[in-house]
*Asks:* 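Structure in structure tokens, see below.
The basis for the numbers below is simple: all heavy atoms, side chains too, and nothing from hydrogens, waters or symmetry mates. None of these values were measured; they are calculated from a predicted model. Both ligands and their constituent atoms are indexed starting at 1 by order of listing.
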Amino acid sequence: MTSKQRAKPRHNCGHIVVLSAPSGTGKTTLVKKLKQILPDIVVSVSYTTRKPRQKEKNRIDYFFVDEKEFREKIKKNFFAEWAFVYGNFYGTPKNFIEENLKKNKIVLLTIDTNGALQIKEKYPDTLLIGILPPSLKEQRERLKKRGETDENIRHRLKESSRERKILLEKYHYRFINRDIEKTAKKISSIIKKVCGI
Ligand code: 5GP
């Protein structure tokens, strides 16, 4: 049985779309393109304990918080899902999802596979889309360009082979991101089809 046959779509008309892409797959650019093609989708901004990278802005790229605040938010049930990824906490605010679902919006989450499976459990109609890098070499180069340390790169590449397995087994659709424009077009047409827009 091929991986494509294994991951059959079982959603109806999910208004949550999860995009998971191992680190260095071009996810940030992809989300920007998707937003251009589908301006009505809303993109959730996650909370993280990771330090901001150059050019990253608080409340736009992430809500950057310390571990104490993150743990308090976990206790208060603030997150729809949270996970410990590459040595830092990341979480999706539940109120953002709930408010936008009420408005019948399509909510896009770009989160890791652990978080994605938690979301799918809570919101079974969630559409899961995975992005894979064209090659290990290209993925490594992207991470290097972004200024990650060698240790971080090793860690992220190791983790991404675990994530890749989950993408193949549990996600509805997967794409190899060879060309950002083409990948964004393919993803947007799936979202349009599945969500009936
Ligand atoms: P980065 O630090 O490179 O921005 O993200 C590292 C990983 O954390 C990526 O796989 C990204 O998708 C994931 N991530 C970002 N936000 C969240 C979130 O809110 N929840 C989960 N579970 N993962 C997230």
*Asks:* Nearest to atom 12 (O) of ligand 1, what protein heavy atom do you find, and at what distance?
*Replies:* Lys27 NZ, 3.2 Å
*Asks:* So that I know where these two stand, are Tyr90 and Trp82 an aromatic pair - ring centroids less than 6.0 Å apart?
*Replies:* no
*Asks:* Check this for me - ligand 1, Glu163, N or O atoms closer than 3.5 angstrom, yes or no?
*Replies:* no
*Asks:* Can you find a non-hydrogen atom of Arg146 under 4.0 Å from ligand 1?
*Replies:* yes
*Asks:* Checking contacts here: is it the side chain or the backbone of Lys51 that comes within 4.0 Å of ligand 1, counting heavy atoms only? Could be both or neither.
*Replies:* neither
*Asks:* How far is atom 2 (O) of ligand 1 from the closest protein heavy atom, and which atom is that?
*Replies:* Tyr90 OH, 2.5 Å
*Asks:* Should we say atom CZ of Arg164 is surrounded by more than 12 heavy atoms from elsewhere, each under 6.0 Å from it?
*Replies:* no
*Asks:* Looking at Glu72 and Lys76, is there a salt bridge between them, counting it only when a charged N and a carboxylate O are closer than 4.0 Å?
*Replies:* no
*Asks:* Using a 3.5 Å cut-off on N or O atoms only, is Val85 in polar contact with ligand 1?
*Replies:* no
*Asks:* Counting only heavy atoms closer than 4.0 Å, does ligand 1 sit against the backbone of Glu148, its side chain, both, or neither?
*Replies:* neither
*Asks:* Report the distance from atom CD1 of Ile180 to atom NZ of Lys33, rounding to the nearest 0.5 Å.
*Replies:* 8.0 Å
*Asks:* Does the distance from a Lys or Arg side-chain N to an Asp or Glu carboxylate O, for Glu141 and Lys145, drop under 4.0 Å?
*Replies:* no
*Asks:* With a 4.0 Å cut-off on heavy atoms, is Gln118 touching ligand 1?
*Replies:* no
*Asks:* What is the nearest protein non-hydrogen atom to atom 19 (O) of ligand 1, stated with its residue, atom name and distance?
*Replies:* Ser46 OG, 2.6 Å
*Asks:* For the ring pair Tyr47 and Phe78, is the centre-to-centre distance below 6.0 Å?
*Replies:* yes
*Asks:* Between Lys94 and Glu98, does any NZ, NE, NH1 or NH2 come within less than 4.0 Å of an OD or OE carboxylate oxygen?
*Replies:* no
*Asks:* Can you see which heavy atom on Arg162 is nearest to which on Asn114, and at what distance?
*Replies:* NH2-ND2, 3.7 Å
*Asks:* Considering heavy atoms of the protein only, find what lies nearest to atom 13 (C) of ligand 1 and give residue, atom and distance to 0.1 Å.
*Replies:* Asp112 N, 3.8 Å
*Asks:* Write out the residue and atom name of the closest protein heavy atom to atom 20 (N) of ligand 1, then the distance separating them to 0.1 Å.
*Replies:* Glu81 OE2, 2.7 Å
*Asks:* What protein heavy atom lies closest to atom 5 (O) of ligand 1? Include the residue and the distance to one decimal.
*Replies:* Tyr62 OH, 3.4 Å
*Asks:* With heavy atoms under 4.0 Å as the rule, classify the contact between Ile111 and ligand 1 as side chain, backbone, both or neither.
*Replies:* both
*Asks:* Taking 4.0 Å as the limit for heavy-atom contacts, which would you say applies to Glu56 with ligand 1: side chain only, backbone only, both, or neither?
*Replies:* neither
*Asks:* Ser188 and Ile37: which non-hydrogen atoms are nearest, and at how many Å?
*Replies:* OG-CG2, 3.6 Å
*Asks:* Measuring from non-hydrogen atoms of Asn114 to any atom of ligand 1, is the shortest distance under 4.0 Å?
*Replies:* no
*Asks:* Give the residue, atom name and distance (to 0.1 Å) of the protein heavy atom nearest atom 3 (O) of ligand 1.
*Replies:* Arg53 NH2, 2.9 Å
*Asks:* Between Lys73 and Glu69, does any side-chain N to carboxylate O distance fall below 4.0 Å?
*Replies:* yes
